[in-house]
Amino acid sequence: MFNIERWQEIFQTLSKNKLRTVLTGISVASGIFIFIVLLGFSSGVQNGVKAQFAGDATNKISVRTRVTTKQYKGLNPNRRIQLKNEDFENISNIYGDYLEYKSGGYSNWGAQLVYKKQSGNFSVRGVHPDFQFIENAIISEGRFVNQGDIEDSRKVIVVSNKAKTELFKGKNPIGEMVSIYGINFKVVGVYADPGGEREESQVYIPISSAQIAFNGADNLRDMSFTVAMSDDFDEAVELSKNLIASIDNDIKTKYTIAPNDRAAVRIDNTLEKAQKIYSLSNIIEAVFWFVGIGTIIAGIVSVGNIMIIIVKERTKEIGIRKALGAEPLSIIFMILQESIFVTMFSGLFGLIMGLGLLEFIGPTIENEFIKYPQVDFNTALITVFILVAAGTLAGFIPAYRAAKIKPIVALRDE
Amino acid sequence: MIQIKDLHKSYQMGSNSLHVLKGINFDVKEGELVSIMGSSGSGKSTLLNVLGMLDEADEGSYILDGVPIRNLNEKVAARYRNKFLGFIFQSFNLINYKSALDNVALPLYYQGMKRHERIEKAEYYLEKVGLAEWSHHLPNELSGGQKQRVAIARALASEPKVLLADEPTGALDSVTSYEVMDLIQGINDEGKTILIVTHEPDIAQMTKRIVNLKDGIIIDDSPVKQIRAKVHV
């Protein structure tokens with residue numbers, strides 16, 4: 001298989017049949033090229049979708065209350081519904097088994113933070129310790145709000161990276177004091193949010209301190225939970241739907257709200273949204289694979305096709321070779337080695353072109369839903385080998401047929 | 001060199017069986033130059049194909065240089081063809097994308113000879129047929145006579161025991177035909193055994209023995225006084 005004589009024969013044959021060689025090469029190279037580009041964009045879509053949800057835990061449930069819009073049991077509409085600490089405790093107790101992280105929230109959206117002569121507007125949010133995980137906040141320095149802070153209503157604050165840059169000009173803020181409405185808070189931690197700048201416009205303080213500082217009594221603005229994930233995505237969605245229905249029902253019963261009043265209690269579930277987009281991206285991926293594999297099959301079929309034509313065209317030559325003493329096996333190898341060489345070479349060419357395009361174009365794509373389109377090099381290499389194997393198979397039938405050609409038939413004068 | 005006894009061959013044509021060779025008996029000694037004559041359908045090409053191991057007989061024995069040729073698989077047949085036989089065809093059957101030199105070297109490739117050795121040997125035989133200067137030309141750059149000379153060089157290159165020529169002058173004009181016959185006679189003079197199938201009496205007269213076939217049997221087998229092709233050239 002690997003003797004130099006045979007390679008010389010093959011290069012001679014290929015170079016004397018340039019058009020045929022180039023056509024075969026193009027069909028294989030373009031098949032691989034398109035496949036690689038499709039795979040790359042499919043992974044780009046996946047990456048983009050994942051990045052969309054990187055900001056928050058994907059199984060988050062948030063509960064908010066507003067004003068009622070419907071008359072119910074003699075009560076007028078336009079009542080403001082106010083969540084209390086006890087609502088949070090009740091829900092935490094009743095559904096504790098299904099909830100992973102739990103946090104109440106009491107926010108002031110436009111508070112001014114002052115540090116020495118620097119000041120900036122941030123949304124100050126009173127939270128429970130679990131909120132760190134609900135929001136995917138990454139502590140880069142110090143610590144997050146803890147249970148002790150809440151029990152003692154400590155005046156401590158966790159600032160964002162953005163606040164660190166703006167107020168403290170990048171120097172370590174731990175232990176420094178910032179004032180909000182004239183109340184001093186001690187910085188105990190700095191966090192970063194993978195969701196980006198928008199989510200870093202918040203700073204966190206213990207919920208009890210927030211309620212005191214902003215005259216909130218035992219009121220809550222909202223509650224956030226994450227649903228314990230199970231391995232089965234659909235099961236998790238089902239569980240969170242049931243939880244939402246129960247929580248909704250509990251709150252409506254307690255505050256005497258019409259069951260069909262959708263505005264008074266708002267419960268959002270990111271898991272369901274995530275599921276929709278994930279399933280969309282899965283469909284996109286499936287379509288890309290389908291098209292890609294179809295393209296490759298077309299490439300293989302065209303290699304097989306061209307090999308059949310080659311054998312037809314070379315029937316006489318094969319007859320001559322056999323009359324001169326070529327053994328059937330050497331004919332098979334001649335045809336096969338040629339087809340393997342062409343598919344391999346042009347497959348690798350298409351692969352490099354495809355990877356090159358992704359490498360070159362990938363970083364320039366500015367779209368929220370497509371990020372870093374790329375193909376794992378091993379996947380790509382495996383693809384090429386599969387193609388070569390399939391090309392061999394496609395070439396084998398014509399090659400076998402060629403070996404069976406009787407020289408007497410091939411040499412018969414027409 | 002060649003011993004044939006009671007050779008039969010039939011072809012299946014649909015439901016009819018066509019009995020082409022009906023018991024051929026014939027021997028060829030080393031160094032002979034034999035022509036096989038007959039009208040079309042007489043079975044002369046079939047006989048040559050059987051002799052050339054391109055086709056197998058149904059019955060009878062065929063011994064080539066002391067080796068019985070029987071029940072050959074494709075691989076052995078290929079090896080024997082390469083070792084024992086050189087073919088010359090009416091339509092030359094050169095590989096059109098290979099140079100004259102590479103065409104001549106091809107049987108040597110199948111003998112497993114190294115490239116520089118094959119080239120050397122091929123050059124020697126091209127020179128022998130007077131085409132040394134044309135060695136790097138492609139077949140379609142050569143005249144019919146030159147092509148047949150290349151084919152003869154190729155047949156000689158593997159140094160076979162027997163040369164089999166099927167209408168070697170069938171595609172050539174008479175002047176070129178005589179030139180080719182002159183070359184064949186020269187090769188025979190050096191001791192090579194050669195069989196020629198032809199239907200042209202003047203070509204047959206240039207051999208040493210004429211075997212006449214009719215309807216699958218030999219009707220006449222007699223030595224002739226050889227006419228040298230040189231006389232006509």
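These numbers come from the heavy atoms of this one structure, side chains and all, not from hydrogens, waters or symmetry mates.
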J.: Using heavy-atom distances under 4.5 Å, tell me whether B/D102 contacts chain A through its side chain, its backbone, both, or neither.
T.: side chain
J.: Check whether more than 12 heavy atoms from other residues, nucleotides or ligands sit under 6.0 Å from atom NZ of B/K22, and answer yes or no.
T.: yes
J.: Any idea which heavy atoms bring B/N82 and A/G325 closest together, and the distance?
T.: CB-CA, 3.7 Å
J.: With a cut-off of 6.0 Å (strictly less than), are more than 12 heavy atoms of other residues, nucleotides or ligands near OH of A/Y400?
T.: no
J.: At their closest point, which heavy atom of B/Y110 faces which heavy atom of A/S330, and how far apart are they?
T.: CE2-OG, 3.5 Å
J.: Take atom CD of B/E30 as the centre, draw a 6.0 Å sphere, and report whether it contains more than 12 heavy atoms from other residues, nucleotides or ligands.
T.: no
J.: Which of the residues A/P407, A/P328, A/A326 is involved in the greatest number of heavy-atom pairs with chain B at under 4.5 angstrom?
T.: A/A326
J.: If you count heavy atoms of other groups shown closer than 6.0 angstrom to NZ of B/K161, is the number above 12?
T.: no
J.: If you count heavy atoms of other groups shown closer than 6.0 angstrom to CZ of B/F26, is the number above 12?
T.: yes
J.: Can you tell me how far CG of B/N93 sits from CZ of A/R321, rounded to the nearest 0.5 angstrom?
T.: 13.0 Å
J.: Counting only non-hydrogen atoms closer than 4.5 Å, does B/L94 touch chain A with its backbone (N, CA, C, O), its side chain (CB onward), both, or neither?
T.: backbone
J.: Side chains of A/I320 and B/R154: closer than 4.5 Å at any heavy-atom pair?
T.: yes
J.: Once you round to the nearest 0.5 Å, how far does CD1 of A/I405 lie from CD of B/E74?
T.: 10.5 Å
J.: OH of B/Y11: more than 12 outside heavy atoms within 6.0 angstrom?
T.: yes
J.: Pick one of side chain, backbone, both or neither for A/K406, based on which atoms fall under 4.5 Å of a heavy atom in chain B.
T.: neither
J.: A quick test of your reading: do over 12 heavy atoms of other residues, nucleotides or ligands sit less than 6.0 Å from CD of B/E133?
T.: no
J.: Calculate, to the nearest 0.5 Å, the distance between atoms OH and CZ belonging to B/Y97 and A/R314 respectively.
T.: 4.0 Å
